[in-house]
Amino acid sequence: MRSTAAAAALSFIVLSVIPAQAARAAVPAGAGAEAGAGAGTGAGAGTGARAGLNLPEPTGPKPVGTTTLHLVDKSRPDPWNPEADRRELLVSLWYPAKKATGKAAPYLTGQESELVLKDLPVARKDALTTVRTHARLNAAAAGGKRPLVVMSPGFSFPRATLTSLAEDFASRGYLVAAVEHTYESVATTFPDGRTTTCLACVKGQDNAKVAASRAKDVRFVLDELTGSGWGKKIDRSRIAMVGHSIGGYSAARTMLADGRIKAGVNLDGTFRVEEPLKRPFMLIGATKSHTPDGTDESWKQAWPNLTGWKRWITVKGTDHSAFVDYAVLRQQLGLPAQELDGARALEITRAHLAGFLDRHLLGKRTPVKDYPEVSVHNP
């Protein structure tokens, strides 16, 4: 990931084929773009897709349910659409279910898939509608209060790209809320059929402005969740935030603004922390960009201001999108991907996130396997 706020969503993409190309489709004419070349040892660019695409199964013992909330913040205008006097958000919830009953949840709508794959050498532009998920749509939630994990996707990435992580957290007993930051995703389909695009994907976009707006989104979502029927299922003393790319920047920004969030994670995101953040925070990134001598110096600059429990790890053979669903979907679509096998990349990410969340939300020491691809840094 680059530290600059270059044109459109590509300012947050490194070695990332699907999101880079999809974001380019959302760039207004003449805006220009920073190339995010797909590299690695994955299959060459494909001309088609398999009949079905698969995400790795959750590793926890609990069946998983999911539902979608349409939330409207009437207190503020939309930061990206001057014609909208209120901020509309979609939030996907994943949770432990009573039983694994009902239909498997859809991944993306046809319109969303078309926009994500628009400029890619994939014959079936609806391919991402075929992704097999493991959560059951609107399944009855199991009883009891749950720790909550809020998730924020990468810039231009749909919230669906966090599904592999979210399903795993839910199977382990967490309630998960992934926020779609409207007009910051290449495609967002609302319940009334509208599909919005990435209005925020413009040349010279201010990363700090995006992170600040997302912090407001997340604080509103927390207010809505805790004030609704879901509030009875949330342990308000145990809330964490996990973000990918600029979502990781947003996690730190939100924690500084809202003491309800007790722990945070940045997955491969350039970010700034300009005042002490005293609560637990973990960094997980790609080796080329996020070792202490890597291409992105922001982690080294932010490290001294992470004054609580902290950990910095990198995973060999990964790229910017290897920590979310694109780790496996690029390979299955026949597109160039990261060097490390996608299922392995997600296994490592899930394991370290589970260990972190269990430790800091539950006070539970969950052993994490010693993966040879992982390096721990302490500058």
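Because only heavy atoms are used, hydrogens play no part in the values below, and waters and symmetry mates are left out as well, while side chains stay in.
The aromatic rings of H320 and F157 sit perpendicular to each other, their planes meeting at more than 60°, with 30° as the lower class boundary.
Taking H360 as the reference, W309, F356 meet the ring-ring contact (aromatic ring centres under 6.0 Å, His included) condition, with sequence neighbours excluded. Not a single side chain to side chain donor-acceptor pair (under 3.5 Å) links T196 to another residue, sequence neighbours left out. Scanning for salt bridge (Lys or Arg N to Asp or Glu O under 4.0 Å) contacts around R194 gives E88, D192, with sequence neighbours left out. For A354, the side-chain contact (heavy atoms from CB on, under 4.5 Å) test picks out R172, with sequence neighbours left out. Under the side-chain contact (heavy atoms from CB on, under 4.5 Å) criterion, K364 pairs with D358, L362, T366, not counting sequence neighbours.
Counting all heavy atoms, side chain and backbone alike, L108 lies closest to A160 at CD2-CB, 3.7 Å. Scanning all heavy atoms of the two residues, the minimum distance from G355 to V368 falls at CA-CG2, 4.1 Å. Here the closest heavy-atom approach between residue V179 and residue V221 is recorded as CG2-CG2, 4.1 Å. Minimum interatomic distance between A327 and A345 (heavy atoms only, all atoms of both residues): CB-CB, 4.5 Å. Between A97 and A139, the shortest heavy-atom contact is CB-CB, 4.0 Å. The two residues G243 and A251 make their nearest non-hydrogen contact at N-CB, 4.5 Å.
Residue pairs meeting the salt bridge (Lys or Arg N to Asp or Glu O under 4.0 Å) criterion with at least one partner in residues 210-233, sequence neighbours excluded, are R76-D217, R87-D217, E184-R214, R219-D258, D223-R260. Within the structure, every pair that satisfies the side-chain hydrogen bond (donor to acceptor under 3.5 Å, both in side chains) test and touches residues 94-107, not counting sequence neighbours, is listed here: Y107-D325. Residue pairs meeting the salt bridge (Lys or Arg N to Asp or Glu O under 4.0 Å) criterion with at least one member in residues 235-247, sequence neighbours excluded, are D235-R238. The side-chain hydrogen bond (donor to acceptor under 3.5 Å, both in side chains) pairs that include a residue from residues 342-352 are R344-E373, E347-Y371, where partners are two or more places apart or lie in different chains. Among residues at least two apart or in separate chains, salt bridge (Lys or Arg N to Asp or Glu O under 4.0 Å) pairs with a member in residues 133-161 are R159-E180. Screening residues 270-284 for salt bridge (Lys or Arg N to Asp or Glu O under 4.0 Å), with sequence neighbours left out, gives R272-E274.
Side chains of D296 and S289: no donor on one and acceptor on the other come within 3.5 Å. Side-chain atoms of T291 and H377 include no donor-acceptor pair closer than 3.5 Å. Using a 3.5 Å distance cut-off with no hydrogens or angles, the side chains of T109 and E112 do pair a donor with an acceptor. S152 and H244 share no side-chain donor-acceptor pair at under 3.5 Å. Judged by distance alone, the side chains of H290 and D268 do bring a donor and an acceptor atom under 3.5 Å apart.
If you chain together ILVMFWY residues whose side-chain heavy atoms come under 4.5 Å of each other, L90 ends up grouped with F190.
Residue E57 holds its CD atom at 11.5 Å from OG of S164, rounded to the nearest 0.5 Å. Atom-to-atom distance recorded for L225:CG and L175:CG is 7.0 Å, nearest 0.5 angstrom.
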